Structures are given as C-alpha cells and as structure tokens.
Amino acid sequence: MSLKFYNTASRSKEVFQLLETNDTVKMYCCGPTVYHYAHIGNLRTYIFEDVLRRTLEYHGFSVKHVVNITDVGHLTSDADDGDDKMEKGAARTGKTVWEVAEYYTQAFMKDWKSLNIVEPVIWCKATDHIPEQIQLIQNLEAKGFTYKTSDGIYFDSAKFNRYPEFANLDVENLRQGSRIDMGEKRSATDFALWKFSPPNQKRAMEWESPWGLGFPGWHIECSAMAMHHLGETLDIHCGGSDHVRVHHTNEIAQSECATGKLFSRFWLHGEFLRMGGGKMSKSTGEFLTISLLQKKGFDPLDYRLFALTSHYRNYLNFTWEALENARESLKSLRRKTDPLIGKGGEIKSALALKIQKSFKEAIGDDLNTPMALGVLNEMLKEDLEDFEKASLVLDFDRVLGLNLGQSRLEPLTEVDPSIVKKIEDLLAQRNEARKAKNWSESDKIRDELLKMKVTIQDGPNGTSWSF
RNA sequence: GGCGACGUACCCAAGUUGGUAAGGGACGGCUCUGCAAAAGCCUUAUUCCUCGGUUCGAGUCCGAGCGUCGCCUCCA
C-alpha cells in the first residue's frame, strides 16, 4: 500500500519510498527556540510531525527522527539594533541565558510527553554543534558563496540560481514594500551565516571563529546539525508553514551550495492554528499553553485529539467550544474502548481486515487524520467480535497516540483522603435515604456533592463517583 | 507591492481521477431510570460564500466577484 505525502518542493502529492541505498527514513524536524514556553499553536506542528513519524512506522519504515533545540540567541533583525530573543528571555525572567535555555527545554519536553509525542531518536542543541556550523561556513566561503560586511559573514544568494524556486519567490518584488532592513547586504535575500560580536559589548553567548568572536546566523544550525546527524541528503524535512519562505529556502541554499547535492527529498509543512481570526503568536503576548489548558480542566490529549480532527495542511480554528467537543469526543471514545482493554486477539475477519485497510489508506494519504478518526468511529459501531475491536483500537492508536485500548495512569490530581471520607459518608447517607425512598433527601445530598464538583452515577452494582 | 491559503449544518471538520454531502461534539426525540447521570437508538445541509461557464451530471473543473487569513523580520 503506497504512502503519499504532499511535497512542498513539487507542490503535489508524491509517493514516498526509500532510496535503494537506505534502510531508514532520515527525518529532520525544525524544533523550538527555547526562550519562552511553547504555545499550543507551536505544538500543533509537533503533533503533525509525530503523526508523520508514527505513520511511517505504521507503514513499515524505521525512522531516524532528529529534532533540534535552538538554544542560541538570534537577533530579531538583520541590522544590529534587534534584540536577542534569548537575552530578552533572560532579562524577563532574571536568569542567565543558559538557565533560560535549560528551563524552557525542560518545559518543552514535558509538553511533548503530555501530548504523547514520541521522543525523537536524537535531540540536538545548536550550542553543541558550533564547530560543525563553522566548518559549513568555511566550506561555503572556500567555494565563493559568501562575502563579509562590517557585522558578519553573509550568504550571497545571487550565486545560487535556484534560490527563488523552492518558495516561488519573485525576488525583484520582494524589495518593494518589504520590511527588510538591508544594512550592508547586497540583496534582500542574502542572510547572515556568522555575526561578529559588537565591539564594546559582552554577549552572554559567543564563540571564537576564523572570523573572530561571534555567534552563528539564523539558518546555519539546521543545515549543520541535519547533515551532521543524517548525512548530506535527507528523506524528509519538516516544520511550520512559515518556514517555507525564509528558513527552509536559506537552508536549501547553504546546504546545496556546500555539498552540490539535493538537501532533502521531501518537504512537509504544517499549517497554523488560528485563534480569534488570526494566528497565535508569542510576540503579541497572549497565547495558550498546555499547562493553561490543564488548569482549565483539560487533558493534554483532548488537545491532541482536537489537532487530529483537522488536516495538517489546513488552518485549524481554535475555540474553547471546539476543545470541549474534543474532550467529550475523547471521553466517549474511552468509554467505548476501555472495556476492550486486554481483550485483543487476531484480526482475521474480512470486515475487520477491510476496516484496517481503510484506516491505513486514510493515514497513508498525506496523513488524513480526520478520515482515520472517522474509520475508528465507524469501526466501533460495526458488528465485530470484541477481540477484533480491541486489536484494531490498539493498532490504530499506534498512529493516533491517544492511549486508547490500553491501561492509563489515573489523573495526576491527588485527592485529599479527608475529602474522600466526606464524600463516602455523604454517599452512604444518600443510599440510606434512597432505601427509605426519601427522594427529596437523596436529591439534596446529590446537590451538595455537585457543589463539591463530584458527579455520581447510580448503577446496578451501587453508586460510583468522580470529579 | 509580491506570493499563497481558506470560505461545507449551531460548533469543529473530511470529501481521492467530477456521479449525487464522512466523522465528532452540541441540540431535540425515544428507551432505560424514583429523579438524575451514564448507556443505547433515532433525528439534524434537496445543499457546499455569490454570480456566471463547461458537462448528461460540479462542493469537486474554468472565469469573475465578495469575505477571512498567512508568509515576505525572529516565528510552528
């Protein structure tokens, strides 16, 4: 069964297969700059990439998945007047830049875990790969693709004919009305490879280089780390849609000029999460994080399911109502799949195999998660043996990652034993009242419990309760 | 100014090479229940932003328009 992905490079869906010389998919995903918490829009992209990796594995590939952590500060503009994001983060939090990087890296990894995103095979930090970056710049310099200005070493995009191809750029018109500050750059599309430290200023992060004390440019780290860990040609490179224009275009330029080889065979880009009509952005200050969602009573996996209900290449509108939909939907899925836990058996009926095939086709068709979820829901309604349903749920969850059909750890909230005692006392009183058919009394107790945010359920085997 | 995306029921959202609108949530109805809750069943777009065109047939192709948004500065 073929696996198809929409390749930004060709603007069309292409069948994905491995080169004959390889046995592993080499996949590089652009990670975060750790100067602030990741917001749920950022995380949408990592969920998409997680589904991508899981889908590759579901279709039988092994994947060498590399994600970078950008822990070095980059200026916010080409000119020297921009602020360094890491230094800004340090000023905001009163920590050193290294502490800021460590703190937000940990926070980021915690988010990944809570969203059930599979750990990459390699996490790599920009500051651990300074020599590789310097080497790559030296390589470009030796081949004549660079020039020097008073503030750094720049890539000369005019030397790379195919520069505009990837993003379909109209280089001439880029200049008109653009917000680019040219500085000493020869062209708007040139970009810094290495920046010199300002003469009278001590930077928190700077390194010795053949060009003097300074720090790497904004795109070089990804090329250097991707090639260091995966070789000169990658199978898949991905990131957010905003990376197409600048970041990935520049990565292609510097990598292909250095090696003379194709940098990546496939390019996949995730579209933005929208909120209130526009994208969610760190610079505007107002943004949502996983921990905020948790404070509002959501399970991170509610958000994961929400992300899965739309296709990764389309905008997704975040509303609280939509997240509540996802929460209800996940609850309902769990009610259906929890009783199947541990009951798995061989999938062999024609119907079950047909459903499994539909799922694989849906997910294999450029990661159509909404359709895959549809297949899951339909399957649960079908007339199948429990052992087949149980196995199909586990099978589908290898891609969906919603922890369905397997035992989960119970909610992290520790309940105070004295409160439990009180609830149980009230329940006992209520059951007495019910035995005596004193309905007004029993309803009164139920209301009291509701005030404590406790919901109860009367079943044939007694009353159960939950928060 | 350049490039690009999107507009499907109350909400989220799919719709492959055009063949007669997935799925989820909410709502409403029914069953069950002392009443609830939970669960089960049923119902919910003659119609896909508008107007033209191609076609036996268009949400799907073409053209025009309206609306929303993104990228072109770091950004997922």
Side-chain angles (χ1 to χ4, degrees), chain A residues 4 11 13 29-33 35-36 38-49 70 73-79 82-85 88 164 167-181 188-189 218 238-247 249 269-274 277-283 305-306 308-311 313-333 335-336 361-362 365-366 368-378 381 434 437-440 442-443 446 450 455-459 463-465:
Chain A
K4 284 171 289 182
R11 312 266 157 168
K13 276 190 203 174
C29 301
C30 285
T33 300
Y35 70 103
H36 213 317
H39 64 239
I40 61 175
N42 298 318
L43 265 4
R44 181 191 181 197
T45 297
Y46 302 113
I47 293 172
F48 136 63
E49 290 162 353
T70 295
H74 295 149
L75 299 182
T76 51
S77 95
D78 255 337
D83 291 315
D84 180 302
K85 284 195 295 187
K88 234 172 142 178
N168 189 214
L169 296 178
D170 180 345
V171 177
E172 283 307 307
N173 277 313
L174 222 48
R175 294 175 200 178
Q176 295 176 25
S178 77
R179 293 168 289 180
I180 296 170
D181 183 339
T189 50
W218 317 309
C238 35
S241 63
D242 57 318
H243 280 153
V244 177
R245 284 307 160 126
V246 178
H247 187 54
T249 288
H269 295 95
E271 196 42 270
F272 280 134
L273 179 76
R274 281 187 185 175
K279 73 165 181 172
M280 190 171 289
S281 161
K282 283 183 191 168
S283 50
L305 177 59
F306 169 67
L308 262 32
T309 60
S310 81
H311 187 92
R313 279 194 291 116
N314 285 143
Y315 290 107
L316 173 59
N317 297 308
F318 178 88
T319 60
W320 289 104
E321 188 185 356
L323 187 62
E324 279 158 19
N325 283 352
R327 173 168 61 190
E328 291 311 309
S329 182
L330 183 58
K331 260 192 210 163
S332 156
L333 273 174
R335 276 195 290 268
K336 289 172 195 156
E361 273 173 0
D365 182 11
D366 198 31
N368 195 333
T369 50
M371 185 165 275
L373 286 170
V375 173
L376 169 64
N377 278 300
E378 295 279 281
K381 285 190 276 192
R434 292 183 70 217
K437 294 195 192 292
N438 186 350
W439 309 126
S440 65
S442 75
D443 288 351
R446 181 167 58 206
L450 270 174
T455 11
I456 55 178
Q457 282 180 36
D458 295 326
T463 304
S464 61
W465 62 274

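Chain identifiers are assigned alphabetically (A, B, ...) following the order of the sequence lines, protein sequences preceding nucleic acid strands; residue numbering begins at 1 within each chain. Since we're looking at a predicted model, the values are computed, not measured. As a basis for the values below, the full set of heavy atoms in this structure was taken, side chains included, without hydrogen atoms, waters or symmetry mates.
Residue A:Leu43 is classed as having no contact, given no heavy-atom separation below 4.0 Å to the nucleic acid. Here A:His269 lies out of heavy-atom contact (under 4.0 Å) with every strand. Among the protein residues, A:Phe48 comes within range of no part of the nucleic acid, since none of its heavy atoms lies under 4.0 Å from any strand. Across all strands shown, A:Gly239 has heavy atoms under 4.0 Å from sugar-phosphate atoms exclusively, and none from any base. When heavy atoms are screened at a 4.0 angstrom cut-off, A:Val246 is found touching the sugar-phosphate backbone but no base atom. In this structure, A:Lys331 reaches neither bases nor backbone, as no heavy-atom distance under 4.0 Å exists between it and the strands shown.
In the set B:G23, B:C3, B:A5, the nucleotide with an atom closest to the side chain of A:Arg274 is B:A5. Here the side chain of A:Leu273 is nearest to one of B:A76, B:G24, B:C3, namely B:A76. Of the candidate nucleotides B:C75, B:A5, B:G2, B:G2 has the atom nearest to the side chain of A:Arg245. In this structure, of B:A76, B:G4, B:C74, it is B:C74 that holds the atom nearest to the side chain of A:Trp218. Of the listed nucleotides (B:A76, B:G4, B:A13), B:A76 has the atom at the smallest distance from the side chain of A:Asp242.
With a cut-off of 3.5 Å on both pairing distances, the Watson-Crick or G-U wobble partner of B:G70 is B:C3. Nucleotide B:A26 has no partner under the Watson-Crick or G-U criteria, as no pair reaches both atom distances under 3.5 Å. Within the shown strands, nothing qualifies as a pairing partner of B:U54 under the Watson-Crick or G-U definition with both distances less than 3.5 Å. With a 3.5 Å ceiling on both atom-pair distances, B:C32 lacks any Watson-Crick or G-U wobble partner. With a 3.5 Å ceiling on both atom-pair distances, B:A21 lacks any Watson-Crick or G-U wobble partner.
Listed by chain and residue number, A:Tyr312 satisfy the ring-ring contact (aromatic ring centres under 6.0 Å, His included) test with A:Phe48 (two or more places apart in sequence, or in another chain). By the ring-ring contact (aromatic ring centres under 6.0 Å, His included) test, A:His247 is found to be paired with A:His219, A:His243, residues two or more places apart in sequence or in another chain being considered.
Side-chain N/O atoms of A:Asn314 include none lying less than 4.0 angstrom from OP1 or OP2 on B:A5. The phosphate of B:G15 (OP1 or OP2) has a side-chain N or O of A:Asn368 nearer than 4.0 angstrom. Taking only side-chain nitrogens and oxygens, A:Lys279 never comes nearer than 4.0 Å to OP1 or OP2 of B:A5. Contact annotation: A:Asn377 does not reach the phosphate of B:G23 (side-chain N/O to OP1 or OP2, under 4.0 Å). Contact annotation: A:Asn317 side-chain N/O to B:A13 OP1/OP2 distance is under 4.0 Å.
Put simply, CG on A:Leu376 is 13 Å from P on B:G23, counting in whole angstrom units. The distance between atom OH of A:Tyr35 and atom P of B:C74, rounded to the nearest whole Å, is 12 Å. Atom NE2 in A:His311 sits about 16 Å away from atom C1' in B:C12, given to the nearest Å. Between the CZ atom of A:Phe272 and the P atom of B:G4 there is a distance of 18 Å, given to the nearest Å. As a whole-Å value, the separation of A:Leu316 CG from B:G25 P is 17 Å. Atom P of nucleotide B:G15 and atom CD of A:Glu361 are separated by 14 Å, given to the nearest angstrom. Summarising the geometry, the separation between OH on A:Tyr315 and P on B:C12 is reported as 16 Å, rounded to the nearest angstrom.
Distance check on atom C1': B:G40 versus B:C32 gives 9 Å, rounded to whole Å. Rounded to whole Å, the separation between the C1' atoms of B:U8 and B:U60 comes to 12 Å. For the C1' atom pair drawn from B:C69 and B:C62, the interatomic distance equals 25 Å after rounding to whole Å. Atom C1' of B:C48 sits at a distance of 13 Å from the matching atom of B:U20, rounded to the whole Å. Distance check on atom C1': B:G34 versus B:C11 gives 36 Å, rounded to whole Å. Of the P atoms belonging to B:C49 and B:C10, the separation is 13 Å, rounded to the nearest Å. Nucleotides B:G67 and B:C51 are separated by 15 Å at their C1' atoms, to the nearest Å. Taking atom P in both B:C61 and B:G7, the straight-line distance is 11 Å, to the nearest Å.
Atom CG of residue A:Asp443 and atom CZ of residue A:Arg446 lie 4.5 Å apart, to the nearest 0.5 angstrom.
A:Asn42 is not listed as a side-chain neighbour of A:Pro32, based on a closest heavy-atom distance of 4.5 Å or more. Put simply, the side chain of A:Arg44 reaches to within 4.5 Å of the side chain of A:Ser310, judged on heavy atoms. Taking 4.5 Å as the limit, some side-chain heavy atom of A:Leu376 sits within range of a side-chain heavy atom of A:Leu333. Proximity of A:Phe306 to A:Ile40: side-chain heavy atoms (C-beta onward) are nowhere separated by under 4.5 Å.
Although no hydrogens or angles enter the test, the distance criterion places a donor-acceptor pair under 3.5 Å between the side chain of A:Asn368 and the main chain of A:Met371. Checking side-chain atoms of A:Thr369 against main-chain N and O of A:His311 turns up no donor-acceptor pair under 3.5 Å. Between the A:Asp365 side chain and the A:Glu361 main chain, no donor and acceptor come within less than 3.5 Å of each other. A distance-only check finds no donor-acceptor pair linking the side chain of A:Ser332 to the backbone of A:Glu328 [under 3.5 Å].
Each of A:Gly41 and A:Val375 lies near RNA chain B, and the nucleotide nearest A:Val375 is the one positioned closer to the 5' end. For A:Asp365 and A:Leu305, each mapped to the nucleotide of RNA chain B holding its nearest heavy atom, the one lying further toward the 5' end belongs to A:Asp365.
Within residues 319-329 of chain A, the residues approaching RNA chain B are A:Glu321, A:Ala322, A:Asn325, A:Glu328, A:Ser329, by heavy-atom distance under 4.0 Å.
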Protein-nucleotides 20-22 of chain B N/O pairs under 3.5 Å:
unit_1 : atom_1 : unit_2   : atom_2 : d
B:A22  : N1     : A:Pro370 : O      : 3.4

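Using a cutoff of 4.0 Å between basic side-chain nitrogens and carboxylate oxygens, A:Asp242 and A:Lys279 are not scored as salt-bridged.
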Test side chain to side chain contact (heavy atoms under 4.5 Å, CB included) on A:Leu169 and A:Arg245 and set out the steps. CA-CA 8 Å; A:Leu169 296 178; A:Arg245 284 307 160 126; 3.6 Å; yes
A correct 5'-to-3' footprint of nucleotides 28-35 of chain B, with B, S and - meaning base, sugar-phosphate only and no protein heavy atom under 4.0 Å, is ------BB
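Residue pairs meeting the salt bridge (charged side-chain N to carboxylate O under 4.0 Å, His left out) criterion with at least one partner in residues 318-327 of chain A, sequence neighbours excluded, are absent.
Residues A:Tyr46 and A:Gly31 approach most closely at OH-C, 3.3 Å, considering heavy atoms.
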